[in-house]
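Report on the following structure.
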Amino acid sequence: MEADRLLWEPATEKKDLSWKALHVLNAARRRPWLCLGDFNEILLEGEKEGGQKRNQACMDRFREALEDCGLADLGFEGDPFTWRNNNHCRENYVKERLDRAVSCG
């Protein structure tokens, strides 16, 4: 798989393609790198409030992909939740930390 043909998949059932893309990019790197944006996945249960509980296996695969590539979360300042469904009904309101920056030295 070449870097210009990598797939970034938001669909849960296709996330492994995204994690494979991280591995390909990591294998091709010659210098430290930074990867940031909407990963559309959380690492920990505390990164989501409301809605259905996130599948632990999905979180584990994301964490393993980051660890395999030596990528460390750079953290954040301020509001930890980067996405909200903006539902006006309190029972259906969901917020999650989907955006993050990770780097490898």
Side-chain angles (χ1 to χ4, degrees):
M1 186 184 300
E2 296 179 19
D4 61 340
R5 298 177 65 189
L6 296 176
L7 300 174
W8 200 256
E9 288 289 345
T12 301
E13 65 276 4
K14 295 183 178 179
K15 286 280 183 178
D16 288 335
L17 294 173
S18 297
W19 311 151
K20 286 178 185 175
L22 281 178
H23 284 93
V24 169
L25 290 169
N26 186 57
R29 75 179 181 91
R30 296 187 186 352
R31 297 189 174 139
W33 65 300
L34 170 72
C35 186
L36 58 106
D38 181 354
F39 286 87
N40 206 29
E41 188 58 80
I42 62 173
L43 289 171
L44 306 165
E45 284 186 34
E47 294 179 341
K48 178 178 181 173
E49 289 184 6
Q52 290 185 359
K53 194 172 178 178
R54 183 73 76 169
N55 182 304
Q56 184 64 47
C58 292
M59 292 186 290
D60 291 345
R61 284 193 295 274
F62 180 35
R63 184 178 309 100
E64 289 166 7
L66 294 179
E67 288 173 358
D68 290 348
C69 294
L71 291 165
D73 191 311
L74 298 179
F76 62 89
E77 287 187 25
D79 188 348
F81 301 106
T82 61
W83 177 87
R84 288 163 170 72
N85 68 350
N86 292 321
N87 192 303
H88 298 290
C89 180
R90 189 173 190 179
E91 301 84 44
N92 298 325
Y93 189 66
V94 179
K95 51 188 179 178
E96 300 180 69
R97 181 180 180 214
L98 300 180
D99 301 283
R100 65 182 70 242
V102 295
S103 71
C104 177

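FYI, the numbering just counts along the sequence from 1.
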- Query: Mind checking whether Lys15 and Cys58 have side chains closer than 4.5 Å, heavy atoms only?
  - Reply: no
- What do the steps show when you test Leu34 against Leu74 for side chain to side chain contact (heavy atoms under 4.5 Å, CB included), and what is the final call? CA-CA 10 Å; Leu34 170 72; Leu74 298 179; 3.7 Å; yes
- Atom SG of Cys35 and atom CG of Asn26: how far apart are they, to the nearest 0.5 Å? 10.0 Å
- For Ala57, all residues meeting side chain to side chain contact (heavy atoms under 4.5 Å, CB included), sequence neighbours excluded: Asn55, Arg61
- In Å and rounded to the nearest 0.5 Å, what is the CH2 to CG distance from Trp33 to Leu22? 5.0 Å
- Query: Considering residues at least two apart in sequence or located in another chain, which fulfil the side-chain hydrogen bond (donor to acceptor under 3.5 Å, both in side chains) criterion with Gln52?
  - Reply: none
- Note on the structure: Sorted by chain and number, sequence neighbours left out, side-chain hydrogen bond (donor to acceptor under 3.5 Å, both in side chains) with Ser103 holds for none
- For Gln56, which residues count as a side chain to side chain contact (heavy atoms under 4.5 Å, CB included) partner, sequence neighbours excluded? Glu45, Met59, Asp60, Arg63
- Asn85 and Asn92: which non-hydrogen atoms are nearest, and at how many Å? ND2-O, 2.8 Å
Check: residues 64-73 side-chain donor-acceptor pairs under 3.5 Å, at least two apart:
residue, atom, partner, partner atom, Å
Asp68, OD2, His23, NE2, 3.4
Asp73, OD1, Gly75, N, 2.6
Asp73, OD1, Arg97, NH2, 3.1
Asp73, OD2, Arg97, NH1, 3.3
Asp73, OD2, Arg97, NH2, 3.4
Asp73, OD2, Arg100, NH1, 2.3

- Results of side-chain hydrogen bond (donor to acceptor under 3.5 Å, both in side chains) for Asp79 - residues two or more places apart only: Arg84
- CZ/Phe81 to CD/Glu96 distance, rounded to the nearest 0.5 angstrom? 9.0 Å
- Query: Can you get from Leu43 to Trp19 by hopping between Ile, Leu, Val, Met, Phe, Trp and Tyr side chains that sit under 4.5 Å apart?
  - Reply: yes
- Query: Does the side chain of Arg54 reach to within under 4.5 Å of the side chain of Glu41, using non-hydrogen atoms?
  - Reply: yes
- Item | Distance in Å, Leu98 CG paired with Thr82 OG1, rounded so as to fall on 0.5 Å steps | 5.0 Å
- Aromatic ring pairing Phe62/Phe39, orientation class (parallel under 30°, perpendicular over 60°, tilted between): tilted
